[in-house]
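Protein chains get the first letters and strands the later ones, always in sequence-line order, with residue 1 at the start of each.
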2 protein chains.
Amino acid sequence: MATIRDVARKAGVSVATVSYVINEGTRAVAPATRARVLQAMEALNYHPNASARQLAKQRSGAIGVVLAGLQSTSNFADAYFLGYIHGISYAAELYGHNVVLLTNYQGADKLTFLRQTIRSRLVDGFLLIGSSIPDEVVVSLHREKCPAVLIARRVPGHTVCSVQQDYFQGAYEATHHLTERGYRRIGFLGQALNFSYALERLQGYQKALSEAGLPYEAALVKIPMQSRDDPALEEVRALLAAGADALITDREIAVLNHLRALGVQVGDEVALVGLDESEAAAALDVPLTTLRPPKFALGRRAVEMLLDLIEGRTPEPLEATLPMELIVRRSSPPRPAMH
Amino acid sequence: MATIRDVARKAGVSVATVSYVINEGTRAVAPATRARVLQAMEALNYHPNASARQLAKQRSGAIGVVLAGLQSTSNFADAYFLGYIHGISYAAELYGHNVVLLTNYQGADKLTFLRQTIRSRLVDGFLLIGSSIPDEVVVSLHREKCPAVLIARRVPGHTVCSVQQDYFQGAYEATHHLTERGYRRIGFLGQALNFSYALERLQGYQKALSEAGLPYEAALVKIPMQSRDDPALEEVRALLAAGADALITDREIAVLNHLRALGVQVGDEVALVGLDESEAAAALDVPLTTLRPPKFALGRRAVEMLLDLIEGRTPEPLEATLPMELIVRRSSPPRPAMH
DNA sequence: TTGTACGCGTTATCAA
DNA sequence: TTGATAACGCGTACAA
């Protein structure tokens, strides 16, 4: 394999000059010299050795993507993180970086694993997707000035670089959409408020209600005291009994099934809007109106922030929030004039 | 940052000795020396520089995963390749390699892009998922002895390393499942035979029929002359008219919709088995019996074959085929005794 | 059993 | 504008 020295010899210049030709802009090179060098590179089919460049630069030029369920397999089953990866790989290429997938199936201690990865300069920084890296680990990395950006997550009490969808705006849009379409009794099935996004959603819902001049009715809101997976059938039944003509929930599939089990025609009798776009939402026999998280944009933004950190700049803002988009489908038609 | 020299100095040995301690097994090191070295590494919080290792080894220790729609976005929308990635990342970690995502959104010439990537030693070899890299490019790489393994694909007329699901066995299992459950008139909706898998599926179907003592009836088989996306409603209607009590197809969602449009109760009146597991198959209101491609296993096997190639071994066999698994769901119940 | 020296590309320095 | 050189950090063939 041809080396930079071979090229230099062939072009009759020094290795430095060849290097400055390769790395345009570092030092001016006379056009004639430059042409000779390029020609020599071509003739020798020369390609700079990536490892040598990384070594000399003290940079790997790579971004490490740490997948949520580091050692579990579950995250590969549902593809929630694919959209992020798309944005990440797109932006990484745009800015001349590579993307390395970091897994830890072996289950090594997470902090040790990440520290080792960054210290060995395998990657220049991390993108942490999802929630499987404990807060303490994130905080430790942050303290050690390890470049890292959290995706779809924050660490309460610490200002760690992160990108996140706008839960407040999303719930607001969803609710607003329903009030605009004539719904008056909008039920809300939320999560326990120990996660910040649960509260933000509730507040978005409240704001849209009050803007529409609708009262906030406790009977129309179901929020569990403790985190749970899906809402219970009973909760849905109670909302219907309270006269709900529409439901908003982040567990749209489960609620849809509950509604079916209760014999309710979704869309015709009761509108349903999902806050947490499940991939299947569009393919169901009643396509669901849902929020779409801006995953591509989040991934892209996360890369930009990470590159800022890597280059020693401070991203602005440190915690980025991007708006969600409401995808209107058949589960929330304009409300018939009377019921 | 501590270097290998610092460690050597601290431990009172040469850098070579430190290196041989790090790379266990390369050369024997006296236990006492070894202990001193390890202690020095610990004390200095030393981590070998990945780039320097790669450079010295003339190996990147990384596998490049070339995603199908290199510059399109579509592949990120449907997650068909995620299962492969899972198997790939699992096996890569197992064998001490990294996974680099290779995209080419910018749309550089594919062959140039791949050649450059391999020659720069950014990765030691490629895994090519899906079909967006043209056959000629694959053949060129193969001729240039570039380590590469095709996933879910072959190049007709050339023996390029590849892994693939067993379409024949899959269609056989699917058909056999139906004959065993008492179905006698099994309709087959296939693809144009210019793709090898289309023929293999048809043959699997035929074998299962003949094993069950059922005749092959042309009226029960719909194969278009030219490739098309989804089967037409008319094709489904014709199969029903021919008395089909079950349907087998690789476009299960489309056929399901057609059956619905024709007012047929899937499962109760006509069984439906899919050959090309769509992610949604399980979530539908009539969960579909489908084949599950062994994506994890294929990804893993592909890595093993690629590492063989990288190490100069010859994978055996060069074209690997892994069995599919039939997931029985509600769309193919045991057939009622009479119709 | 251990040490020495070389190779890779970038970049800073000094000289021409 | 260009050249010469050294350092960066590791693995490993070869010498001792």
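In the interface, the side chain of B:Arg53 is not paired with the base of C:dG7 through any donor and acceptor atom under 3.5 Å apart.
Looking at heavy-atom distances under 4.0 Å, A:Val18 makes no contact with the nucleic acid at all. Nucleic acid contact class of A:Ser51 (heavy atoms, under 4.0 Å, all strands): none. B:Ala16 comes within 4.0 angstrom of a base, heavy atoms only.
B:Ile4 has its CD1 atom 11 Å from the P atom of D:dG9, to the nearest Å. What separates CZ of A:Arg5 from C1' of C:dG9 is a distance of 8 Å, to the nearest Å. Between the NE2 atom of A:His47 and the P atom of C:dT10 there is a distance of 14 Å, rounded to whole Å. Remark: C1' of C:dG9 and CG of B:Leu122 are 15 Å apart, rounded to the nearest angstrom. The distance between atom NZ of A:Lys57 and atom P of C:dT11, rounded to the nearest whole Å, is 5 Å. As rounded to whole Å, 11 Å separates atom C1' of C:dA15 from atom CZ of A:Arg27. Rounded to a whole Å, the CZ atom of B:Arg59 is 16 Å from the C1' atom of D:dC10. A:Leu55 has its CG atom 17 Å from the P atom of D:dA6, to the nearest Å.
Closest contact between the side chain of B:Ala30 and the listed nucleotides C:dT2, C:dG7, D:dA4 involves C:dT2. The side chain of B:Asn49 approaches D:dG9 more closely than any other nucleotide in the set C:dT13, C:dG9, D:dG9. Taking every side-chain heavy atom of B:Ser14 into account, C:dG3 is the closest of D:dG11, D:dG9, C:dG3. In this structure, of D:dT2, D:dG9, C:dG3, it is D:dG9 that holds the atom nearest to the side chain of B:Ala52.
At most 12 non-hydrogen atoms from other residues, nucleotides or ligands lie less than 6.0 angstrom from CD of B:Gln39. Within a 6.0 Å radius of CD in B:Glu311, more than 12 heavy atoms belonging to other residues, nucleotides or ligands are found.
Between A:Asn23 and C:dT10 there is a side-chain polar atom (N or O) within less than 4.0 angstrom of OP1 or OP2. Between A:Ser19 and C:dT11, a side-chain N or O to OP1/OP2 separation shorter than 4.0 Å is absent. Contact between the side-chain N/O atoms of A:Gln58 and the OP1/OP2 oxygens of D:dA7 is not found at any separation under 4.0 Å.
Nearest-nucleotide assignment on DNA chain D puts the 5′-proximal partner with A:Tyr20, out of B:Ala2 and A:Tyr20.
By the 30° and 60° cut-offs, the orientation of the rings of A:Tyr90 relative to B:Tyr105 is perpendicular.
Nearest heavy-atom pair, A:Ala11 versus A:Arg36, reported as atom, atom and distance to 0.1 Å: O-NE, 3.0 Å.
Considering only heavy atoms from C-beta on, A:Asp135 comes within 4.5 Å of A:Pro156 through its side chain.
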